[in-house]
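Note: hydrogens, waters and symmetry copies are ignored here, and every other heavy atom, side chains too, is used.
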Amino acid sequence: PPPPSPEALAAQAEQKALSEKRAAEAAAEAAKPKDKFGEQMSSAGTTAMAAAAAVAMGITAPTTAFMAMLTKFSLASICGYQTVLGVTHALHSPLMSVTNAISGLTVVGGIALAGTAPGSVLPGNLAQWLAAVAVLVSAVNIGGGFTITGRMLDLFKRPDDPKEHNYLFYLPGLVMAAGAAAGLSAGIAPSLVSGGITLMACALCIASIGCLSHQSTAGTGTTLGVVGVGAGVGATLVGMSHSLTSTMLAQVGGLCALGGAIGAWIAKSIKITELPQMVAAFHSLVGLAAAATSVASVLAHASDPMALAHLDGMHKFTAVLGDWIGALTLTGSAVAFGKLHGIMDSSPLALPGKNLINMALTAASVYCGYMAMTTAVPGQAINMLYAVAGIAGVLGYHLTASIGGADMPVVVTLLNSYSGYALCAEGFMLHSDLLTVVGALIGSSGAILSWIMCKAMNRSLSNVIFGGISQSPVNKHITDVCDVKTHLCHQEIDVAAASEMLRDASKVIIVPGYGMAVAGAQHTVATLSTLLKDKGAEIKYGVHPVAGRMPGQLNVLLAEAGVPYDDVFEMDEVNEMMEDADVVLVVGANDTVNSAAVEDPNSVIAGMPVIEVWKAKHVIFMKRSMAVGYAGADNPVFYKQNTSMLLGDAKKTMDSVVAAVAPHCRVVCETGAPAS
């Protein structure tokens, strides 16, 4: 490209001086002692409002039983919040899958409503068939969730890691089984025996998530989760021991075994790159189970108008709520699966007045729910529940279809939260401490992950769901070679020049993006880092929180390719290393490394935390074209003097780079002398 004009150089120098001045002012401001009155007043005010809300709920609570359930829900939510914040970012994908598996405790609701026809193991009426469906799909979720979690965690293991003996943690399960048998044999009330097991099941599920704070304990967490879910199912069966028949036990056992086997087979068959869509599909099963159980719980009383009339208000309300959340989760997750799997257009559906459509559907759901709760006619109550499910299904479809593919990390975590709160609704409906506590744990887990993702994009959750990014009217297929603001032109290099630059570097940072995942280039990237390490270079990876289509997806892909997790750093950590890096290799990333977020207050991504690759001595930008990213923002890094663009398919280009680096590396490693 032609050398930059004097005017362009002057503009660049002026911009640099302005950035340095702002940085100095910010540092000076940060060094000043701060009065914490405003900050502490805000926190105190928030706490006071929470206290007022708690007192108001106590005053207006319909029953003491409701208040007791609400207390358990609130404490479990706080516990979930604290536990999930301790999970390392690299393990957010295993966190999603293990909470997905635990949310399969919707099986408990199905078991509680299960029944058989006389002399048969098959259900005898519609309510029992719906309960059977809930048991089956929940078991699929449990088997698949724990299996894929185990697969992912195995990828993070290093050859020199000590051997794990996680099977030892099945011992608590054996102790609970033996204790339950002894208690029932001694004539102890089944509800008391079940209560003790339920307490332990809740604790184990919480511990399962807590163990994901580090790779060394993550495997133990999976085992604890399996034992916790098993204990929850066992506690339910113990509590039903007086009414449990051999045919019911055969039905439930058969459905659990079949569903678990199907889920495990699916989880073993999929590719690791298909993990986001699998998690979304499993979320839809939780929604189906919750909706089916909610309808079945009312349907079981619908044959007798008096029985329906005597259902307490909390049961009716939570049945409607579980039906609504479950149906919304079912269709929303199905759409997310379609977008992630490529069978649906990933671009957002933009119907005219889309928010008015959402409001109308919500209002219709409220009306039908109110009718279902207040009518004394059994048939009308059931029809209104069907209507709630149908309207919520349309709402879930429209909400998710209106969100673009690049926002799927937030959508997946939000759906995870929905599945947890559907579980909570079941817990209130069936007066189940287990479902209430575990549902609150999963709901808060998904909510916290959604907050983390939104924070990493400098956007609000409402903006992601209802607004989307305010894109500039740009053509995503532009290939202009010059920045219209600075008149600087981008510099392209070929594979030979890029490989030489990498061979000569002592410190290299690799920043992967979703483009690497799409191209399937993670194994070639790992091979390149191995070659450069053999040559004596220091290699580190930097992963942005929202890179990929699911929290932690790129960490899992790098682990699959054999990259040690000690070499992978989070955004804040790698930014501190950037100025010391000789070369930063960006593979398939764009918005997550866009300097406009820091330098241009008018940019649509202004304020978004990014990986500051431009601070390195040199940047090699491996990208298919000069097109903008999902946000529609031009990336000034393309045109900086220390950036070289290596355009082309990430996999093919990386293969060529590895082929160019490998011969030189072998000569150096074998002879200790530079290649000729």
Tyr367 atom OH, over 12 foreign heavy atoms within 6.0 Å: no

Any side-chain heavy-atom pair of Ser284 and Phe337 under 4.5 Å: no

Ser43 side chain vs Gln40 backbone, donor-acceptor pair below 3.5 Å: no

Distance-only donor-acceptor check, side chains Asn100 and Asn141, under 3.5 Å: yes

Minimum side-chain heavy-atom gap Leu91-Leu153 below 4.5 Å: yes

Ser432 vs Glu426, side chain to side chain contact (heavy atoms under 4.5 Å, CB included): CA-CA, chis, key distance, verdict: CA-CA 8 Å; Ser432 170; Glu426 276 194 46; over 6 Å; no

Residue pairs, two or more places apart or on separate chains, that pass salt bridge (Lys or Arg N to Asp or Glu O under 4.0 Å) and touch residues 231-243: none

pair His283-Met96: side-chain heavy atoms closer than 4.5 Å: yes

Side chain to side chain, Leu441 and Ile206, heavy atoms closer than 4.5 Å: yes

Trp324 and Leu395, any side-chain heavy atoms less than 4.5 Å apart: yes

Exercise: identify the closest heavy-atom pair between Gln380 and Met371: NE2-CE, 3.4 Å

Side-chain (Thr413) to main-chain (Val410) donor-acceptor, under 3.5 angstrom: yes

Heavy-atom side-chain contact between Ser213 and Val87 under 4.5 Å: no

Pairs involving residues 57-75, ordered by first then second residue, that meet salt bridge (Lys or Arg N to Asp or Glu O under 4.0 Å) (sequence neighbours left out): Lys72-Asp433

Derivation of the side chain to side chain contact (heavy atoms under 4.5 Å, CB included) call for Asn358 and Asn355: CA-CA 5 Å; Asn358 294 332; Asn355 290 333; 3.8 Å; yes

Sub-4.5 Å side-chain heavy-atom contact between Asn125 and Gln128: yes

Any donor-acceptor pair under 3.5 Å from Thr436 side chain to Phe73 backbone: no

Whether Thr198 side chain and Ser194 backbone form a donor-acceptor pair below 3.5 Å: yes

Whether Lys339 side chain and Ile403 backbone form a donor-acceptor pair below 3.5 Å: yes

From CG (Leu237) to CE (Met248), nearest 0.5 Å: 9.0 Å

Side chains of Val320 and Tyr370 in contact at under 4.5 Å (non-hydrogen atoms): no

ring-ring contact (aromatic ring centres under 6.0 Å, His included) against Phe66, all qualifying residues, sequence neighbours excluded: Phe428

Val394/Thr331 under side chain to side chain contact (heavy atoms under 4.5 Å, CB included): CA gap, chis, key distance, verdict: CA-CA 7 Å; Val394 174; Thr331 56; over 6 Å; no

Short side-chain to backbone donor-acceptor contact, Ser208 and Leu204, under 3.5 Å: no

For the student: nearest non-hydrogen atoms of Met176 and Ala231, plus distance: CE-CB, 3.7 Å

Pairwise distance OH(Tyr397) to OG(Ser402) - rounded to 0.5 angstrom: 9.0 Å

Interatomic distance, Ser93 atom OG to Leu212 atom CG [nearest 0.5 angstrom]: 11.0 Å

Ser333 side-chain N/O to Leu330 backbone N/O, donor-acceptor pair under 3.5 Å: no

For Cys368 against Ile391, the heavy-atom pair lying closest together: SG-CD1, 3.9 Å

Atom pair CG/OG1 of Leu399 and Thr362 - distance to nearest 0.5 Å: 7.5 Å

Which atom of Gly369 lies closest to which atom of Val388, heavy atoms considered: N-CG2, 3.5 Å

Spacing of Leu285 atom CG and Leu288 atom CG [to the nearest 0.5 Å]: 7.0 Å

Exam field: side chain Thr329 to backbone Gly287, donor-acceptor pair closer than 3.5 Å: no

Closest heavy-atom pair and its distance - Met69, Gly427: CE-O, 3.3 Å

Heavy-atom closest pair, residues Asp323 and Ala291: OD1-CB, 3.9 Å

Check: Thr149/Ser97 side-chain N/O donor and acceptor closer than 3.5 Å: yes

Distance, nearest 0.5 Å, that separates CE of Met429 from NZ of Lys316: 14.0 Å

Met359 atom CE, over 12 foreign heavy atoms within 6.0 Å: no

Residues Leu340, Val412; criterion side chain to side chain contact (heavy atoms under 4.5 Å, CB included); working and verdict: CA-CA 10 Å; Leu340 291 167; Val412 173; 4.1 Å; yes

